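First comes the structure, then the notes that go with it.
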Amino acid sequence: MRYLHDYTEGERLIAFCLIKSREVAVASNQREYMNLEVGDRSGSLQAKLWDVTEELKAMLQVKSIVKVDALVQSYKGKKQLVIQRVRLAVPDDQVAMETLIPASERSFEELWERLQSYIGAIKSGTLRAIVQHILAYDTCAERLRCYPAGVKMHHNYYHGLLEHIVSLLTLAEQLIPLYPQIEQDVLYATCILHDIGKLDELSDPLAPDYTTPGQLIGHLVMGVERLNEACRQLSISAEESEVLHLKHCILSHHGDVENGWGSAVSGKTPTAVLFHYLDQIDSKMNALQQVINGAQDEEEWVYAPALRRRVWRGY
């Protein structure tokens with residue numbers, strides 16, 4: 001099966017893809033055309049559809065699954081599609097969701113099994129109960145099967161959030177022996193729950209955007225709201241020391257408040273400070289790897305949005 005980025009300039013492309021964004025504009029001949037971003041698991045491409053009719057404008061919406069017949073062209077050094085024909089996908093096409101959006105290279109089953117083993121390693125009955133309750137509540141596990149960890153920056157693909165969680169737990173396990181002042185149970189619980197609010201902050205796994213509550217409140221606070229609700233349902237005091245510590249780690253994991261990255265409070269315990277840097281390591285390295293993987297072979301330097309600078313590929 002060929003995906004969008006498997007095609008080269010000059011080829012005719014016939015494939016199923018997902019509309020990720022669309023914009024209607026007016027050409028010099030006063031006819032309307034459409035700028036689209038279409039994607040599948042290989043990534044996204046810009047596409048143009050000329051002479052757009054009212055029927056096409058009504059049919060082609062963000063998150064629509066479509067079959068396109070297009071010509072691959074180069075524009076300003078980048079591939080783009082010029083769509084000749086397009087239709088909506090129908091049930092008989094049997095389009096698998098995993099073919100439409102980038103996905104983790106690690107299977108959900110493997111990641112979920114690793115997650116369960118780390119939950120079992122949490123010795124605190126209180127923290128383990130909270131984690132298990134949150135993951136079992138309100139389709140949380142179902143959404144972890146597919147939700148990304150973000151819209152653009154890192155782990156922004158199918159079950160990327162779960163991959164990020166397991167990567168953090170693996171990092172934590174390796175570093176805990178070096179730092180005996182770290183509270184292992186709190187650190188493990190933070191790895192699992194630090195971004196759980198993203199299940200409410202993001203709209204969906206297909207073409208994720210930020211929900212209105214997500215923009216107004218943010219996933220750090222939304223995660224703590226889930227934690228407080230779990231404590232209420234489990235009759236656990238939200239003022240218990242380890243619960244307070246867990247909430248502090250979640251609310252401070254974007255780093256010092258003065259950085260302006262979204263923390264509600266700066267880290268005030270060794271566990272909170274360590275977790276912030278673990279999260280930075282995993283998110284930055286994932287973002288850089290995606291940039292490097294997506295670059296053209298001839299590109300020695302490529303811009304990395306996560307670092308806001310160009311990075312070198314010549315090593």
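Worth knowing before you read on, the calculation uses all heavy atoms, side chains too, and leaves out hydrogens, waters and symmetry mates. Note that the structure is predicted; figures quoted are calculated from it, not measured.
Seen from the ring of Tyr303, Arg309 does not count as a face-on cation partner, given the 6.0 Å and 45° thresholds.
Of the possible polar contacts, one joining the Asp40 side chain to the Ser42 backbone as a donor-acceptor pair under 3.5 Å is found. A donor-acceptor pair under 3.5 Å links the side-chain atoms of Glu11 to the main chain of Thr8, judged by distance alone. At least one donor-acceptor pair closer than 3.5 Å links the side chain of Arg128 to the backbone N or O of Ile122. Side chain of Ser283 to main chain of His154: no donor-acceptor pair is present (N/O by atom type, distance under 3.5 Å, no hydrogens or angles). Side-chain N or O atoms of Ser44 include none that pairs as donor or acceptor with a backbone N or O of Gly39 at under 3.5 Å. With hydrogens and angles ignored, the 3.5 Å screen pairs no side-chain donor or acceptor of Ser203 with any backbone N or O of Thr211. With hydrogens and angles disregarded, no donor-acceptor distance shorter than 3.5 Å links the side chain of Ser104 to the backbone of Glu163. Lys20 places no side-chain N or O within 3.5 Å of a backbone atom of Glu37 that could act as its donor or acceptor partner. A donor-acceptor pair under 3.5 Å is absent between the side-chain atoms of Arg87 and the main chain of Lys67, judged by distance alone. Checking side-chain atoms of His248 against main-chain N and O of Val265 turns up no donor-acceptor pair under 3.5 Å.
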(message) Between Lys78 and Gln73, does the side-chain contact (heavy atoms from CB on, under 4.5 Å) criterion hold? Intermediate values first, please.
(response) CA-CA 8 Å; Lys78 293 188 176 182; Gln73 294 185 346; over 6 Å; no
(message) Checking Arg106 against His159 for the side-chain contact (heavy atoms from CB on, under 4.5 Å) test, could you report, in this order, the C-alpha distance in whole Å, the side-chain angles of both residues, the deciding distance, and whether it holds?
(response) CA-CA 9 Å; Arg106 303 172 68 181; His159 65 252; 5.5 Å; no
(request) For ring-ring contact (aromatic ring centres under 6.0 Å, His included), just list the numbers for His194 and Phe275, CA-CA rounded to whole Å, side-chain angles, deciding distance to a tenth of an Å, and then say yes or no. (result) CA-CA 9 Å; His194 76 290; Phe275 179 76; 4.9 Å; yes
(message) Show, in sequence, the C-alpha distance, side-chain angles and deciding distance for His254 and His219, and conclude whether the ring-ring contact (aromatic ring centres under 6.0 Å, His included) test is met.
(response) CA-CA 11 Å; His254 281 182; His219 69 273; 5.2 Å; yes
(request) Go through the steps to decide whether His133 and Gln233 satisfy the test side chain to side chain donor-acceptor pair (under 3.5 Å), and finish with yes or no. (result) CA-CA 9 Å; His133 183 83; Gln233 294 186 8; 2.7 Å; yes
(request) Please report the C-alpha distance between Arg145 and Glu142 in whole Å, then the side-chain angles of each, then the deciding distance to 0.1 Å, and finally whether the salt bridge (Lys or Arg N to Asp or Glu O under 4.0 Å) criterion is met. (result) CA-CA 5 Å; Arg145 175 180 286 274; Glu142 179 183 330; over 6 Å; no
(message) As a quick check of understanding, evaluate salt bridge (Lys or Arg N to Asp or Glu O under 4.0 Å) for Glu229 and Arg226, giving each step before the final call.
(response) CA-CA 5 Å; Glu229 179 61 18; Arg226 277 183 174 260; over 6 Å; no
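The nearest pair of heavy atoms linking Arg41 to Ala103 is NH2-CB, 3.9 Å. A pairwise comparison of heavy atoms in Met1 and Asp6 identifies O-OD2, 4.2 Å as the closest pair. Closest heavy-atom contact between Gly262 and Leu220: O-CD2, 3.8 Å. Shortest non-hydrogen contact noted between Leu18 and Lys63 is CD1-O, 3.5 Å. Residues Val186 and Thr190 share a closest heavy-atom pair of O-OG1, 2.7 Å. In terms of heavy-atom proximity, Asn228 sits nearest to Ala238 at OD1-CB, 4.0 Å.
Hydrophobic clustering places Leu162 together with Leu169 (ILVMFWY residues linked when any side-chain heavy atoms are closer than 4.5 Å, directly or through intermediates). A single hydrophobic cluster is seen to contain both Val24 and Leu36, as judged by linkage of ILVMFWY side chains at heavy-atom distances under 4.5 Å, directly or through other members. Hydrophobic clustering, with ILVMFWY side chains joined whenever heavy atoms are under 4.5 angstrom apart, groups Leu161 together with Ile281. With hydrophobic clusters built from ILVMFWY side chains whose heavy atoms lie under 4.5 angstrom apart, Leu115 shares a cluster with Leu199. Placement of Ile182 and Leu278 within a single hydrophobic cluster is found when ILVMFWY residues are connected by side-chain heavy-atom separations under 4.5 Å, directly or transitively.
Each of Val221, Asp195, Val224 was compared with Ile250 under the side chain to side chain contact (heavy atoms under 4.5 Å, CB included) criterion, and only Val224 meets it. A side chain to side chain contact (heavy atoms under 4.5 Å, CB included) with Asn35 is found for one member of Arg22, Glu23, Gln46 and no other, namely Glu23.
Within the 4.5 Å cutoff, the side chain of Trp301 has no heavy atoms near those of the Arg313 side chain. With a 4.5 Å cut-off on side-chain heavy atoms, Cys231 and Ile130 count as touching. Side chains of Gln80 and Leu45 form no contact here, defined as non-hydrogen atoms less than 4.5 Å apart.
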